[in-house]
There are 2 protein chains.
Amino acid sequence: MSGSAERPGLACDGANPLALERQLCFALYAASRAMTRAYQPMLQALDITYPQYLVLLVLWERDGTVAAGDDGAAISVGALGRQLMLDSGTLTPLLKRMEIRGLLDRRRGTEDERVTVVTLTDAGRALRPQALAWVEKQRDSTKLTHRDVKELHAGLWKLLEALGGDLP
Amino acid sequence: MSGSAERPGLACDGANPLALERQLCFALYAASRAMTRAYQPMLQALDITYPQYLVLLVLWERDGTVAAGDDGAAISVGALGRQLMLDSGTLTPLLKRMEIRGLLDRRRGTEDERVTVVTLTDAGRALRPQALAWVEKQRDSTKLTHRDVKELHAGLWKLLEALGGDLP
DNA sequence: GCAATTTATATTGCGCACAACTAAATTGTG
DNA sequence: CACAATTTAGTTGTGCGCAATATAAATTGC
């Protein structure tokens, strides 16, 4: 192998606008997967997947803001998809698996027969304390400052808003 | 349905540590997918997928830093996986599809027969200018300031480092 | 009142991600 | 040198993501 005579246009790494580590898109992509990996211990303990956990976050949240006993955690597939920014092609099979696991119920709306309404079960409700405990524990053991996390969070939402026009 | 008597512990939404929009993990997850969506116009024009684009970024980068004519873009599957933080279960079929598309070559290493070496072809090299043009155009039309992008980028790498202990 | 359109979900097909496992080559060690 | 341990890819199986399409119920227009 020779080893000399570099290509002219790209000789200096620092000048390459397509360098992997310079891409915001790659940092996002890698960080998102690393974060999902970090959640694996809890997810395995609860025997759910990461997007299933996100569905539960939505159901738990609604469950907490409504009258006790009343089925306020009920939400349509469409509304769920809008919150999670996921479409029915992703949600339908995912929700079916969660239904089989006994974490939620799926039935057709009584007023509008087109909608499928998802409802949290007691089994699904029962996972919340474990998830909460784990999340609080992680919050304490993270190597990032509270300020770093807050700034990152704000920056990500700003990015989401900037890209919002391309939402599904 | 009643409609009154909220649940005690969660009555105030703002106090729910598991609220979806408060989760850094969800902001990351949603932003990463929104970013991938934003790349779709270019990816479709080049007839590649997003992770295939990332592979090309690595190969283009290596291609630019070595002697012309010498096959410096060559890289093992393992080294590629380390850069992209992906394992062989993801990369092997992805690289096979790229080989069929004619974007790269895959052959066994001559010294060590365990490794598979991936090499950029002229067809793969030819996609770079189009990608570069698109990326530069986006950089100008983004609604985020250069400063916002830089801070977000830095924050994401800081997070990646913090989570680094859990890398595959 | 009913055809045309819109809305809401489900289905299909492809390509990741990643865990778990297998196979083959290489290295280290007595 | 023999051979166990390690390294490197590949294989298999499950579950997303999402585009494209299908289906069916509800709404609108005339």
Side-chain angles (χ1 to χ4, degrees), chain A residues 26 28-41 43-44 46-55 75-82 84-101 103 106-118 166-168, chain B residues 26 28-41 43-44 46-55 75-82 84-101 103 106-118 166-168:
Chain A
F26 174 65
L28 258 177
Y29 171 78
S32 177
R33 287 185 299 110
M35 181 64 87
T36 303
R37 268 195 297 279
Y39 272 76
Q40 284 312 306
L43 297 173
Q44 284 186 13
L46 267 53
D47 190 26
I48 55 178
T49 66
Y50 181 70
Q52 288 174 15
Y53 169 68
L54 296 181
V55 168
I75 185 174
S76 71
V77 172
L80 198 50
R82 251 164 278 136
L84 299 174
M85 308 180 204
L86 291 169
D87 77 353
S88 68
T90 299
L91 284 176
T92 297
L94 183 156
L95 294 172
K96 283 183 179 172
R97 280 185 287 270
M98 292 182 78
E99 186 183 29
I100 291 171
R101 278 268 286 107
L103 301 177
R106 291 168 67 247
R107 28 191 132 78
R108 287 289 172 177
T110 47
E111 271 192 16
D112 189 335
E113 287 259 329
R114 292 171 303 181
V115 313
T116 295
V117 173
V118 167
D166 304 327
L167 284 183
Chain B
F26 173 65
L28 257 177
Y29 172 78
S32 178
R33 287 184 299 108
M35 181 64 89
T36 303
R37 266 195 299 278
Y39 271 75
Q40 286 311 308
L43 297 173
Q44 284 186 13
L46 268 53
D47 190 26
I48 55 178
T49 65
Y50 181 71
Q52 288 174 15
Y53 169 68
L54 296 181
V55 168
I75 185 173
S76 72
V77 171
L80 198 50
R82 252 163 277 135
L84 298 175
M85 308 179 204
L86 292 169
D87 77 354
S88 68
T90 299
L91 284 176
T92 296
L94 184 155
L95 295 172
K96 282 182 179 174
R97 280 185 288 270
M98 294 182 77
E99 186 183 30
I100 292 171
R101 277 269 286 106
L103 301 176
R106 291 167 67 249
R107 24 188 136 79
R108 287 290 174 177
T110 48
E111 271 193 15
D112 189 335
E113 288 256 328
R114 291 171 304 181
V115 313
T116 294
V117 174
V118 166
D166 303 326
L167 285 183

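Numbered from 1 within each chain, the chains take letters A, B, ... in sequence-line order. A quick note: this is a predicted structure, and the numbers were derived from the prediction, not measured.
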Protein-nucleotide distance ([X], atom [atom1]; [N], atom [atom2]), rounded to Å:
{"X": "B/L91", "N": "D/dA9", "atom1": "CG", "atom2": "P", "value": "10 Å"}
{"X": "B/L95", "N": "D/dT11", "atom1": "CG", "atom2": "C1'", "value": "15 Å"}
{"X": "A/R37", "N": "C/dA17", "atom1": "CZ", "atom2": "P", "value": "11 Å"}
{"X": "A/L86", "N": "C/dA8", "atom1": "CG", "atom2": "C1'", "value": "16 Å"}
{"X": "A/L94", "N": "C/dA10", "atom1": "CG", "atom2": "P", "value": "12 Å"}
{"X": "B/R33", "N": "D/dA19", "atom1": "CZ", "atom2": "P", "value": "11 Å"}
{"X": "A/L84", "N": "D/dC18", "atom1": "CG", "atom2": "P", "value": "11 Å"}
{"X": "A/R101", "N": "D/dT14", "atom1": "CZ", "atom2": "P", "value": "16 Å"}

Among all residues two or more places apart in sequence or in another chain, which pass the side chain to side chain contact (heavy atoms under 4.5 Å, CB included) test with [X]?
{"X": "A/R114", "answer": "A/D112"}
{"X": "B/E113", "answer": "none"}
{"X": "B/R97", "answer": "B/Q52, B/P93, B/L94"}
{"X": "A/R101", "answer": "A/D47, A/I48, A/L103"}

* Name every residue in residues 47-54 of chain B that has at least one heavy atom under 4.0 Å from any atom of DNA chain D, in order of residue number, or write none if there are no such residues. =>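 Close to the strand, none.
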
For [N], does either OP1 or OP2 sit under 4.0 Å from a side-chain N or O belonging to [X]?
{"X": "B/R106", "N": "D/dG10", "value": "yes"}
{"X": "A/T116", "N": "C/dA10", "value": "yes"}
{"X": "A/T92", "N": "C/dA10", "value": "yes"}

* **5' priority, DNA chain C, between A/S76 and A/Y29 [closest heavy atom]** =>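 First, find each residue's nearest nucleotide; the 5'-ward one identifies A/S76.
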
* Asked: So which one's nearest nucleotide on DNA chain C is more toward 5', B/G89 or A/K96?
  ->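 That would be A/K96.
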
Are any non-hydrogen side-chain atoms of [X] and [Y] less than 4.5 angstrom apart?
{"X": "A/L84", "Y": "B/Y29", "value": "no"}
{"X": "A/V55", "Y": "A/M98", "value": "yes"}
{"X": "A/T49", "Y": "A/L43", "value": "no"}
{"X": "A/L28", "Y": "B/M35", "value": "yes"}
{"X": "A/R33", "Y": "B/L86", "value": "yes"}

* To do: Establish whether the base of C/dA10 is bridged to the side chain of A/S88 by a donor-acceptor pair shorter than 3.5 Å.
  =>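 In this structure, the two groups form a donor-acceptor pair.
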
* **Ring geometry between A/Y53 and A/Y39 (parallel below 30°, tilted from 30 to 60°, perpendicular above 60°)** =>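 It falls in the tilted class, 30° to 60°.
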
* Upstream residue (5' side of DNA chain D) when A/P93 and B/Q44 are each assigned their closest nucleotide ->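 The residue closer to the strand's 5' end, by nearest nucleotide, is A/P93.
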
* **Whichever of B/G78 and A/R97 has its nearest DNA chain D nucleotide further upstream toward 5'** =>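 With B/G78 and A/R97 compared, the 5'-side residue is B/G78.
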
Just the table, please: protein N/O against nucleotides 23-28 of chain D N/O, every pair under 3.5 Å.
unit_1 : atom_1 : unit_2 : atom_2 : d
D/dA26 : OP1    : A/E113 : N      : 3.0

* Using a 4.0 Å heavy-atom cut-off across all strands, classify B/R108 as base, sugar-phosphate, or nothing. =>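 B/R108: backbone/sugar contact only, no base atoms under 4.0 Å.
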
